[in-house]
Amino acid sequence: FHGTTPEAAHNIARNLFRIDMAGSSRGCMFGPGIYLAENASKSDEYAKEGQGAYMGLAAMLICRAATGRVLRVESSGDFSGSVTSGEYDSVCGDRLAAAGTFREMVFFHEEALYPEFIVIYARVYDS
């Protein structure tokens with residue numbers, strides 16, 4: 001899952017992910033890559049409401065990804081060199097083991113992932 005705005009979701013679906021956009025919306029805890037989460041609730045933390053026709057709506061991409069050889073890490077840092085060197089193919093930021101939250105997969109090659117579905121949704125809060 002990849003949380004974003006509805007407008008950005010449509011742009012990514014049309015033009016695919018771009019590594020040069022890494023970190024343009026949020027930080028890069030494990031390096032300047034493309035982040036996917038194994039839980040939709042984690043990606044929802046990164047999803048933002050859209051504008052115009054998308055006012056009050058957020059977006060999430062459901063993606064296919066080829067993880068290959070995975071470097072599993074529990075602490076933050078820039079691990080992009082371990083992937084761009086060819087030693088690994090992706091990074092698993094294992095926040096589940098480190099902090100009891102969610103794992104995030106980080107990709108430093110655009111070709112490793114593909115946005116398959118766009119989910120546009122409204123958040124519903126208990127009152």
Side-chain angles (χ1 to χ4, degrees):
F1 301 98
H2 180 83
T4 187
T5 65
E7 296 87 356
H10 285 289
N11 188 45
I12 293 168
R14 278 192 299 273
N15 303 303
L16 304 177
F17 284 98
R18 289 179 33 204
I19 199 72
D20 64 314
M21 297 294 293
S24 62
S25 178
R26 296 290 283 244
C28 296
M29 185 173 191
F30 303 107
I34 301 163
Y35 285 64
L36 301 181
E38 66 179 349
N39 292 76
S41 57
K42 176 62 178 175
S43 291
D44 179 62
E45 294 175 17
Y46 298 97
K48 296 179 184 174
E49 291 186 5
Q51 299 178 2
Y54 294 113
M55 185 76 63
L57 300 173
M60 193 172 303
L61 294 166
I62 300 175
C63 303
R64 289 191 184 262
T67 58
R69 291 172 306 218
V70 179
L71 172 61
R72 187 183 150 283
V73 299
E74 292 184 20
S75 59
S76 61
D78 184 353
F79 299 98
S80 59
S82 296
V83 173
T84 57
S85 71
E87 183 179 2
Y88 292 94
D89 300 303
S90 62
V91 172
C92 174
D94 196 346
R95 303 295 299 151
L96 179 64
T101 58
F102 302 105
R103 287 185 286 255
E104 293 183 77
M105 294 301 300
V106 188
F107 300 88
F108 301 97
H109 297 291
E110 300 156 340
E111 302 82 9
L113 60 159
Y114 176 81
E116 187 149 0
F117 298 100
I118 301 173
V119 178
I120 306 290
Y121 62 97
R123 293 181 178 106
V124 178
Y125 300 97
D126 291 335
S127 50

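Computed from a predicted structure; not experimentally measured.
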Just so I know, are the side chains of Glu110 and Ile19 near enough to count as touching, which here means a heavy-atom distance under 4.5 Å? yes

Tyr114: hydrophobic cluster co-members (side-chain, 4.5 Å): Leu16

Rounded to the nearest 0.5 Å, the OH atom of Tyr46 sits from the OH atom of Tyr35 at a distance of 8.0 Å

Cluster check Val73, Val83: I/L/V/M/F/W/Y, side chain < 4.5 angstrom: yes

When rounded to the nearest 0.5 Å, the distance separating CG of Leu36 from CE of Met105 is 8.0 Å

To the closest 0.5 Å, what do you measure between CZ (Phe108) and CG (Asp89)? 12.0 Å

Check this for me: Arg69, atom CZ, are more than 12 non-hydrogen atoms of other residues, nucleotides or ligands nearer than 6.0 Å? yes

Would you check, one step at a time, whether the test side chain to side chain donor-acceptor pair (under 3.5 Å) holds for Asp78 with Ser80? CA-CA 6 Å; Asp78 184 353; Ser80 59; 2.6 Å; yes

When clusters are formed by joining ILVMFWY residues with side-chain heavy atoms under 4.5 Å apart, either directly or through shared neighbours, do Phe117 and Met60 land in the same one? yes

Is there a donor-acceptor pair under 3.5 Å between the side chain of Ser85 and the backbone N or O of Ser82? yes

Using the rule that Ile, Leu, Val, Met, Phe, Trp and Tyr join whenever any side-chain heavy atoms are under 4.5 Å apart, tell me whether Val119 and Ile34 fall into a single cluster. no

May I have all residue pairs that pass ring-ring contact (aromatic ring centres under 6.0 Å, His included) and include part of residues 52-86, sequence neighbours excluded? His10-Tyr54

Main-chain N/O of Arg95 paired to Glu104 side chain as donor or acceptor, under 3.5 Å: no

Shortest non-hydrogen contact from Pro6 to Ala58? CG-C, 4.0 Å

Atom pair CZ (Arg18) and CG (Asn11), whose distance is rounded to the nearest 0.5 Å: 7.5 Å

Side chains of Arg123 and Glu49, heavy atoms from C-beta outward: is any pair under 4.5 Å? yes

Connected via hydrophobic side-chain network under 4.5 Å: Phe102 and Phe30: no

Could you tell me whether Glu74 atom CD has more than 12 heavy atoms of other residues or ligands within 6.0 Å of it? yes

Pairwise distance CG(Leu113) to CZ(Arg64) - rounded to 0.5 angstrom: 12.5 Å

Pair Glu116, Ile62 - check side chain to side chain contact (heavy atoms under 4.5 Å, CB included), show working. CA-CA 6 Å; Glu116 187 149 0; Ile62 300 175; 5.6 Å; no

Hey, could you give me the CD1/NE2 distance between Ile118 and His2, rounded to the nearest 0.5 Å? 11.5 Å

Under a 4.5 Å side-chain heavy-atom rule over Ile, Leu, Val, Met, Phe, Trp and Tyr, are Tyr121 and Leu61 clustered together? no

Between Phe107 and Ala112, the two heavy atoms sitting closest are CD2-CB, 3.8 Å

